[in-house]
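All values derive from a computational prediction rather than experimental measurement. Each chain gets a letter, A, B and so on, in the order the sequences are listed, and its residues count up from 1.
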Amino acid sequence: MTEKERSNTFLIINILLVILVACVETSFWYWLFAPVPSPMLWLSVVVAVMLYRTRIEGLIIIYVPSLFYFALSAEPLGFILFGLTAVYIFIKLLKDRIFIPSKMYFATVYAASILIFQIFVFLISILTEIKPHASPQVWKWIAQAFLAFIISPIFYPILEKLNPPDESIREGGMS
Amino acid sequence: MGFFPIDFKKIFIICLLVTIPMIAINIQRNEGELSFFLKPFFITASFIQSSVSNYSDSVQKTTSLYLNLIDIKKNNREMQTKMSALEAELLILKSLEQENTRLTELLEFKKTSQHKLLGARVIGHDLLGQHTTLFIDKGSKDGIQPGQAVITPRGVIGSVLNTEEDFSQVLTLTDTYSAIDAVVERSQARGIVEGASPSLCKLKYLQRTDDVLAGDLIVTTGLDGIFPKGFPIGKVTKVEKKDYGISQEVQIQPLVSTFDSEAVFIVLKTNDIQAVEAKMKELSLKD
């Protein structure tokens, strides 16, 4: 299997994984832990791809599964794309400056991504909707980010295996 | 190279990335209308969600069974085997009794209701958390249509937002997109119930002089032709009258928590619709 084929296979696995995790989260999490807010586990897969794979793969992981998130939420598709794009830009800017592949780094970026996603979706709702989101659920977002930070080390090894760092990242320079 | 280098190529890509979602925002989501290219995604998501929901049910049952077994083991150390087995049996019977009571309650409600109801199981919740929608295991093939009321014996849950063949998305009354025509049961003061947060609603457009107090029950008017008339929505928890303005804001605690709802009813046909239609006809004849 060539490097490209391997890379594509991993990307497809990641897309399938993110859809499966999103579906699990909408049902499994609520049956077991409601009303504790879910830590947006699907975003961990997205963050892992954005961190450890190429820019194009990062964009694919935004656009393709978004159609499934749209099916699983009342949130307009544009808001989801906007929120994920904000996360993508944040990760890109951060990765260009600080990049330390480790559990702690991943947990921090994942938790920060949750906050960025929620804040940007809230802002775009306030700016564009006639009936926007009522009020920022700051404590809920913080709880989600905290939970994400705590539990991400559990599944980090799986995500690390599914996302072997891109050549450019291994060499230390981001394209 | 500074800490913030200006790269016009990157700025152009970022602008492009921001523009695409902005274009997508303009594509409005209309009730019940889905683009053909989105349908496969909805159907696939529904299939996976149903499977996961069934799996989670089994896991839940297996977990509780396992916990029961641990209990029995502990008791075995202290008491006789027979006694433990009986206790375990008693536990199962109790859970069956609870389930039986719940199902009887649902059945009674369905029997006594004057409306045509369809029972459904909740299979999932909203993924992103900014909205409070539910997914139920009944869809258009069962006669569900967007806009139909979703209730439980204890009160209103919301209304159907989207339907697919095998599943439907329900917009709960606590969602900001939701609006229900309602009255204060005691004083008949009329307003609109809108979602305010994942667990609270607001009764809006009440006049300043309208009589409403904390503890009052808010019920549906039935005039929207969606919800049955006089069906409970929630209780008033706070009444806020500002120094200026012609209206007052009322905070409502819904009677039904969306997190606890496992089974719901969809009002396929409310008799109030005929009443509303007759009233409309009468008014148009007068004009």
Subject >> Residue B:Leu16 excluded, over 12 heavy atoms near CG under 6.0 Å >> reply: yes
Original post:
Which bit of A:Leu72 comes within less than 4.5 Å of chain B, counting heavy atoms only: side chain, backbone, both or neither?
Top reply: both
Original post:
For A:Ile80, is it the side chain, the backbone, both or neither that has a heavy atom under 4.5 Å from a heavy atom of chain B?
Top reply: side chain
Subject >> A:Leu59/B:Leu17 under side chain to side chain contact (heavy atoms under 4.5 Å, CB included): CA gap, chis, key distance, verdict >> reply: CA-CA 9 Å; A:Leu59 285 175; B:Leu17 285 174; 3.3 Å; yes
Original post:
Which bit of B:Thr19 comes within less than 4.5 Å of chain A, counting heavy atoms only: side chain, backbone, both or neither?
Top reply: neither
**OP:** Using side chain to side chain contact (heavy atoms under 4.5 Å, CB included) as the criterion, list what pairs up with B:Ser58, not counting sequence neighbours.
**Re:** none
**OP:** Identify which part of A:Gln118 has an atom lying under 4.5 Å from any heavy atom of chain B, answering side chain, backbone, both or neither.
**Re:** both
Subject >> Heavy-atom contact with chain B under 4.5 Å, split by part of A:Ile124 >> reply: side chain
Original post:
Is there any residue in residues 139-146 of chain A with a non-hydrogen atom under 4.5 Å from a non-hydrogen atom of chain B, and which ones are they?
Top reply: A:Lys140, A:Trp141
**OP:** Would you mind checking which part of B:Val122 comes under 4.5 Å of any heavy atom in chain A, side chain (CB onward), backbone (N, CA, C, O), both or neither?
**Re:** both
**OP:** Can you sort out the partners of B:Asp71 under salt bridge (Lys or Arg N to Asp or Glu O under 4.0 Å), two or more places apart, ordered by chain and number?
**Re:** none
Original post:
Which residue pairs pass the side-chain hydrogen bond (donor to acceptor under 3.5 Å, both in side chains) test when at least one of the two sits in residues 43-53 of chain B, sequence neighbours left out?
Top reply: A:Thr26-B:Gln49
